[in-house]
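Each remark here refers to the structure printed beneath this line.
FYI, the numbering just counts along the sequence from 1. Quick note: numbers below take in every heavy atom, side chains included, and nothing from hydrogens, waters or symmetry partners.
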Amino acid sequence: MSSFGNSETDQISEAEANQAAPDELGFHVQRLRQQLQAMAITDQEACRLTCDAIVAKGPTPNRSRLSKLASDLKKAVAPGLTDPDRCIDYNRVDTILGDFIKVLGQSQREEDFGLVVKLGCAGLITDLCVKIKESLPTFAESKENQATQAWRVMSNVLLGSLKWLGLVCKHD
């Protein structure tokens with residue numbers, strides 16, 4: 001027998017000690033994680049704060065034009081996204097997106113892009129893309145001329161939406 005005691009009991013107490021340390025550490029990590037989550041802001045809040053800071057940097061030369069386009073886009077898209085019985089006028093949305101792309105493409109000012117994101121257009125256009133994606137199976141099965149024309153317009157809107165998102169993401 002060694003002077004340090006029974007080696008079997010030393011191994012058990014050492015194993016218990018090793019197990020207790022991670023449990024205690026895990027408790028502290030979990031507690032810190034909960035505190036951080038309680039203090040964290042949402043993605044939307046972070047986006048709003050960032051956009052407010054960008055827009056506050058200086059005047060937005062296209063503010064009125066971009067605000068009108070954002071308002072028109074919301075009027076054309078939002079009812080169709082929230083109410084399944086209402087249809088989206090894809091021809092109108094295509095025209096609005098074309099104007100948006102033209103204004104943002106010419107401007108290239110950080111304040112204009114910040115304003116557009118602050119007005120909620122990015123989320124709206126993303127939701128529009130999802131809505132179009134969900135409608136794809138309907139058009140894939142149909143061979144009618146009217147369905148083909150509707151598909152063409154929706155494809156143009158999807159393409160315009162992706163161009164718009166690409167333009168905004170490229171700048172940010």
Side-chain angles (χ1 to χ4, degrees), residues 33-172:
R33 185 175 289 136
Q34 289 172 348
Q35 288 175 348
L36 288 172
Q37 286 175 345
M39 293 186 309
I41 60 174
T42 64
D43 290 343
Q44 291 173 340
E45 182 67 14
C47 186
R48 187 189 63 76
L49 291 172
T50 303
C51 292
D52 286 347
I54 290 170
V55 172
K57 283 184 179 180
T60 306
N62 298 310
R63 178 182 292 272
S64 62
R65 178 90 171 124
L66 291 172
S67 296
K68 175 156 179 15
L69 288 169
S71 174
D72 290 347
L73 185 67
K74 286 178 186 174
K75 288 177 189 172
V77 174
L81 293 176
T82 56
D83 184 4
D85 294 334
R86 297 194 59 187
C87 293
I88 296 173
D89 183 358
Y90 288 102
N91 287 318
R92 183 164 181 241
V93 173
D94 189 32
T95 303
I96 295 167
L97 285 172
D99 291 344
F100 244 132
I101 292 168
K102 190 184 309 177
V103 172
L104 289 174
Q106 292 172 352
S107 168
Q108 294 295 317
R109 290 187 53 128
E110 184 178 26
E111 293 84 3
D112 288 341
F113 289 95
L115 177 65
V116 168
V117 173
K118 181 180 177 182
L119 292 173
C121 295
L124 196 61
I125 289 179
T126 304
D127 292 343
L128 178 64
C129 289
V130 170
K131 173 106 173 157
I132 293 172
K133 180 192 166 279
E134 291 172 350
S135 332
L136 290 176
T138 307
F139 289 100
E141 297 169 359
S142 180
K143 301 289 185 201
E144 296 176 23
N145 187 31
Q146 194 174 28
T148 306
Q149 290 173 346
W151 170 244
R152 189 174 298 122
V153 172
M154 287 177 71
S155 295
N156 288 340
V157 170
L158 184 60
L159 179 62
S161 298
L162 294 173
K163 283 181 184 177
W164 188 95
L165 288 169
L167 187 64
V168 171
C169 290
K170 179 180 156 186
H171 192 275
D172 288 338

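When the side chain to side chain contact (heavy atoms under 4.5 Å, CB included) test is applied to Ser67, the partners found at least two apart in sequence or on another chain are Arg63, Leu115, Leu119. With sequence neighbours left out, Lys68 forms a salt bridge (charged side-chain N to carboxylate O under 4.0 Å, His left out) with Asp72. Taking the side chain to side chain contact (heavy atoms under 4.5 Å, CB included) definition, one finds that Ile101 meets it with Lys163, Trp164, sequence neighbours left out.
Minimum heavy-atom separation, Thr126 to Leu165: OG1-CD2, 4.0 Å. Of all heavy-atom pairs between Val153 and Tyr90, the closest is CG1-CB, 3.4 Å.
One distance of note links NZ of Lys131 with OG of Ser161; it measures 13.5 Å at 0.5 Å rounding. One distance of note links CG of Asp112 with CZ of Arg65; it measures 12.0 Å at 0.5 Å rounding. A distance of 5.0 Å separates SG in Cys129 from CG in Leu158, rounded to the nearest 0.5 Å. Residue Ser64 holds its OG atom at 9.5 Å from CG of Leu69, rounded to the nearest 0.5 Å.
The only option from Asp89, Val93, Asp94 that meets the side chain to side chain contact (heavy atoms under 4.5 Å, CB included) definition with Asn91 turns out to be Asp89.
The side-chain heavy atoms of Phe100 and Leu167, taken from C-beta on, include no pair separated by under 4.5 Å. The side-chain heavy atoms of Leu97 and Ile125, taken from C-beta on, include a pair separated by under 4.5 Å. At a threshold of 4.5 Å between non-hydrogen side-chain atoms, the residues Ile88 and Leu128 count as touching.
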